[in-house]
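Below, each value reflects all heavy atoms present in this structure, side chains not excepted, and no hydrogens, waters or symmetry copies. A note on names: the letters A, B, ... follow the listed sequences, proteins ahead of strands, and every chain is numbered from 1. Because the structure is predicted, anything quoted here is derived from the model rather than measured.
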Amino acid sequence: MEQYNHKEIEAKWQKVWDKSDLYKAIDFSKKPKYYCMIEFPYPSGEGLHVGHPRSFTALDILARKRRMEGYNVLFPIGWDAFGLPAENYAIKTGTHPRISTEKNIATFTRQLKSLGLSFDWSREIDTTDPNYYKWTQWIFLKLFEKNLAYKTKMDINWCTKCNVGLANEEVVNNLCERCGGEVYHREREQWMLKITAYADRLLEDLDKVNYLEKIKKLQSDWIGKSHGAQVVFKVMSKTVLPKDKGYYLPVYTTRPDTLFGCTYMVVAPEHEVIQKFVDQIDNYDEVLDYIEQTKKKTEMERTNLEKTKSGVELHGLKASNPVTKEEIPIFAADYVLATYGTGAIMAVPAHDQRDHDFAKKYDLEIKEVISGGNVKEEAWTGEGTLVNSVFLNGLNVQQATDKMIDWLEEKELGFETTNYHLRDWVFSRQRYWGEPIPIIICPECGYVPVAEKDLPVVLPEIKNYLTTENGDSPLALVEDWVNVECPKCGGDAKRETDTMPNWAGSSWYFLRYTDPHNNKALADLKKLKYWTPIDWYNGGMEHTTLHLLYSRFWHKFLFDIGVVPTSEPYAKRTSHGMILGEDGEKMSKSRGNVINPDAVVNEHGADTFRAYEMFMGPFDQATPWSTQGVVGVRRFIEKVWQIGHKLDDKKRTNDDDLIRLLNKTIKQVTEQIETLDLNTCISAMMILVNKFQEEGCNKKIFKDFLKILSPFAPHICEELWQILGHKKSIFLEKWPKFNPELIKDEAIELPIQINGKMRSKIFITQDMSEEEIKKIVLADEKVKKNLEGDEIKKFIYIKNKIINIVI
RNA sequence: GCCGAAGUGGUGAAACUGGUAUACACGAAGGACUUAAAAUCCUUUGGAGUUAAUCCUCCGUGCGGGUUCGAGUCCCGCCUUCGGCACCA
């Protein structure tokens, strides 16, 4: 018998499948629809990563099973092709990103096709195709129209040496990744999307979807809704006296009950109050110096709880505590962020650990207002009774919170409010390789949207891909593209030169798959009604916060304007773990631990590669690659091949046992594909095949086995199916059903414990009574020996499971 | 730092709602076949002790406690590793 020739057989079937309509999704078919989707890849220059097929194969298995179960399946593929690497490659080599992207897509396509994935290639999409990004731009215009897009000043990373804006990833240890130059934060006008307007719905609607619990938690933590109050503190200086109207500094606090314990205030170094009172701050030079230092720090460094807090007092300014009317100092400190809350806090050192650390360092008053701890030593954040708080004394935290809010509202010094950790989405990039933002800036009319009929705003050809010296995107230098007539007044105007972030194209791509060639709408509503929502979406754990949130936001917006029929895009979401290098580290060129999928497919075949990736470990967990492990799976495939050539129609005495095992295996594989416990599916099939090898197998049993193996190893199963005399594809077969009567064992092995220790085993039948069993147990030699002379205190029998005798 | 996940043999891992810990696979050791090797097949494989015996005993799921007839699984407190942290995608 010859070895399984994977090269020949896999190429043969890939060709046949490519020409067939086996994997085509049919719009409006009468069969029930099933839409399953993987995150479309970024076609990087390094080619397919072995991590991609982990997710792709798992959902390919699901898609193939669903087709065999009678569904009309949509399992599409596309390219998330805008992005930084192609642009950086262009800067280095002068190659236009269009050229390198096309080349990379060709490589990815060849690689994916070599894996026998059942994508419907006729619906392939590419986010960098003007026919696609026309609609990305269209969505932006709709957001702009509904006032959900606005421009504001934001910090960006700026390399002082190469004079370019940097992505966070390009900043390493506060230095520029390219040149090692110093990086500091510089303000720039940026387009923002008002995702915070959807914060509540993004949170509440998590109840409507079937995501893994941990994914829901990630989403809700990211949104970070909290309840509290906004309170205003009056700012005073030499010229502003208590009786004057003056300037009020709002703060957000989750603990208004502790207001009597507020002994100072802290504002973010970027806070407007500093500029407002420049003349009144006696130590402005010192403050300015501190602001400059802050610009070099990352947010993580600023908010690190372990690090000693730094800050500088604003001499000459005081704030008035609205309840005590006491004058308290104001500090600027970098641990307060301008982007969270109001950018200013009331500090209660007795009951907040960060404030406590800060107060110790600057020798500020620590005033206890809730009893229960030792506030001299550390902040008390637990429950307790209010003290030192005039009208709140004696109340508990909840009562005091309510009463304080009533008091603030009555005096018009504050109000109850909610706050979100979620911030608006910075939507501008000063880069070339992204969708141009379709806005025209007119000195007379302001921001004017490009007319819908003029979409897409196509990226012009350029020679130099570097950001300009003042931080504009390289598009700013393309004069005949930038200079346009204002669509409103006809005067001289300029195009917006910012482009969109990579997230844009991936925030709605799943809609385009339902109608990829439509040039009248992003997708036909009838088709959307047929196909959406996505029944199952799988992707990387690392995408479960941002991409998921952004795309849910866009989807909700499109729902509100009547473009899509559902308020949530994904009915179900799962995430897979990363595949690590053989050394257990993340795969990377620099570590030299990258596994090339082509080499594995070439040596062992696609079926082996697929089955190995499913077998290597739990789907949602990070797992290291093992070249040896691949060999084991190849042996399994080889065994299947050998057995498939030695079948007969004989009846055997042990056929009942074999049929029982087959039914158990069908049950396990059927159920565990649904939970993505694919590693145990494979091991169950290995056990069955080992049995075939020991005892032989007839054609009838083997055919059912082939059907359940076929989603995992499609090529070999299709070939064996044909060898067994079938003209049509195995993927047109019905998914086998197991017989529940056939999976029950006749005899059950029952373990016996004495005082929780395993001592013996007996065999019982399904319907034996406890009395009968007890008799057998007590007659057991080993049990007798262990019970010698001891009295039985308890006899515990858990039906068909275990016996425990307590003595 | 904050948030999330995970720690079980030499290795990847399995164990359903608390009920026989280590399935399946890799590696290793021994054997068969072979002039030899590869491939393949068979046997053994958590640790320690003990026996004429493949009989039996004890220990064992990161560490320390707890709940329970019974804990890898539940609770409390630690330690370690990995992922995300808003301009990588």
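- For residues 608-620 of chain A, every residue pair satisfying the side-chain hydrogen bond (donor to acceptor under 3.5 Å, both in side chains) rule, not counting sequence neighbours, is listed here: A:Asp60-A:Arg610.
- The same atom, C1', is picked in B:A32 and in B:C24; the two are 25 Å apart, to the nearest Å.
- The environment of OH in A:Tyr89 is sparse: at most 12 heavy-atom neighbours from other residues, nucleotides or ligands sit within 6.0 Å.
- Salt bridge present: A:Asp472 and A:Arg188 bring a charged side-chain N and a carboxylate O closer than 4.0 Å.
- Within the 4.5 Å cutoff, the side chain of A:Pro41 has no heavy atoms near those of the A:Asp80 side chain.
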Please tabulate, one pair per line, each protein N/O and nucleotide N/O from nucleotides 43-48 of chain B that are separated by under 3.5 Å, including the distance.
none

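- Here the P atom of nucleotide B:A13 and the CG atom of A:Leu678 are 15 Å apart, to the nearest Å.
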When you look at A:Trp433 and A:Thr499, which way does the side-chain hydrogen bond (donor to acceptor under 3.5 Å, both in side chains) test go after all the steps? CA-CA 8 Å; A:Trp433 195 229; A:Thr499 54; over 6 Å; no

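- B:U81 and B:G62 are spaced 11 Å apart, taking the C1' atom of each and rounding to whole Å.
- The side chain of A:Lys794 contributes an N or O atom lying less than 4.0 Å from OP1 or OP2 of B:C69.
- Contacts of A:His6 classified as ring pair (Phe, Tyr, Trp, His ring centres under 6.0 Å), with partners at least two apart in sequence or in another chain: none.
- Residue A:His576 contributes atom NE2, which lies 15 Å from atom C1' of B:C82 at whole-angstrom precision.
- Cation-pi check for A:Arg573 over A:Tyr537 is met; the charged atom lies under 6.0 angstrom from the ring centroid and within 45 degrees of its normal.
- Taking atom C1' in both B:C85 and B:A71, the straight-line distance is 36 Å, to the nearest Å.
- Aromatic pair A:Phe358/A:Tyr335: ring centres closer than 6.0 Å.
- Residue A:Lys691 qualifies as open at atom NZ: its count of foreign heavy atoms under 6.0 Å is 12 or below.
- Atom OH of A:Tyr612 is separated from atom P of B:U11 by 15 Å (rounded to the nearest Å).
- Of the N and O atoms on the side chains of A:Lys794 and A:Asn804, not one donor lies less than 3.5 Å from an acceptor on the other residue.
- Applying the side-chain contact (heavy atoms from CB on, under 4.5 Å) test to A:Thr680 and every residue at least two apart in sequence or in another chain returns A:Gln668, A:Gln672, A:Asp677, A:Ser683.
- A distance of about 40 Å separates the C1' atoms of B:C82 and B:G30, rounded to the whole Å.
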Under 4.0 Å protein heavy-atom contacts per nucleotide of nucleotides 19-34 of chain B, with B for base, S for backbone only and - for none: BB--BBSSS-------

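- Taking the P atom of each, B:C76 and B:G83 are spaced 27 Å apart, rounded to whole Å.
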Dot-bracket for RNA chain B: what is it, with Watson-Crick or G-U pairs under 3.5 Å, [ ] where a pair crosses earlier ones, and | for a pair to another strand? (((((((..(((......[....)))((((((.......))))))((((......))))..(((((..]....))))))))))))....

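- Qualifying ring pair (Phe, Tyr, Trp, His ring centres under 6.0 Å) partners for A:Phe692, counting only residues two or more places apart in sequence or in other chains: A:Phe705.
- In this structure, the CD atom of A:Gln693 is 9 Å from the C1' atom of B:U40, given to the nearest Å.
- Partners of A:Glu213 under the side-chain contact (heavy atoms from CB on, under 4.5 Å) rule, at least two apart in sequence or in another chain, are A:Lys216.
- Distances shown here put a side-chain N or O of A:Lys217 below 4.0 Å from the OP1 or OP2 atom of B:G4.
- Look at NZ on A:Lys297: it is 14 Å from C1' on B:G1, rounded to the nearest Å.
- For B:G9, the glycosidic angle deviates from 0 by 90° or less, giving a syn base.
- A cation-pi arrangement is not found for A:Lys774 relative to A:Tyr797, the charged atom failing to lie both closer than 6.0 Å to the ring centre and inside a 45° cone about the ring normal.
- Taking the salt bridge (Lys or Arg N to Asp or Glu O under 4.0 Å) definition, one finds that A:Lys151 meets it with A:Glu496, sequence neighbours left out.
- For the pair A:Lys664 NZ and B:C16 P, the computed distance is 16 Å after rounding to whole Å.
- Annotation: side-chain contact (heavy atoms from CB on, under 4.5 Å) contacts of A:Leu546 (sequence neighbours excluded): A:Trp222, A:Trp503, A:Tyr550.
- Residue A:Glu585 contributes atom CD, which lies 11 Å from atom P of B:U81 at whole-angstrom precision.
- Taking the C1' atoms as reference points, B:G49 lies 14 Å from B:G60, given to the whole Å.
- When the side-chain nitrogen and oxygen atoms of A:Gln621 are compared with OP1 and OP2 of B:A13, one or more of them lie within a distance under 4.0 Å.
- Atom CD1 of A:Ile643 is separated from atom C1' of B:C41 by 13 Å (rounded to the nearest Å).
- Remark: A:Arg429 does not engage A:Asp498 in a salt bridge, criterion side-chain N to carboxylate O under 4.0 Å.
- Side chains of A:Ile802 and A:Leu750 form no contact here, defined as non-hydrogen atoms less than 4.5 Å apart.
- Spacing between B:A14 and B:U68 at atom C1', rounded to whole Å, works out to 25 Å.
- Between A:Lys214 and A:Val806, it is A:Lys214 whose nearest contact on RNA chain B lies nearer the 5' terminus.
- Residue A:Gln668 has no polar side-chain atom (N or O) positioned under 4.0 Å from OP1 or OP2 of B:C16.
- Of the C1' atoms belonging to B:U44 and B:G10, the separation is 15 Å, rounded to the nearest Å.
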For nucleotides 83-89 of chain B, just jot down a letter per nucleotide in 5' to 3' order: B, S or -, based on protein non-hydrogen atoms under 4.0 Å. SSBBBBB

Readout for nucleotides 54-62 of chain B: B = base within 4.0 Å of protein heavy atom, S = sugar-phosphate only, - = neither; 5' to 3' it is --SSSS---

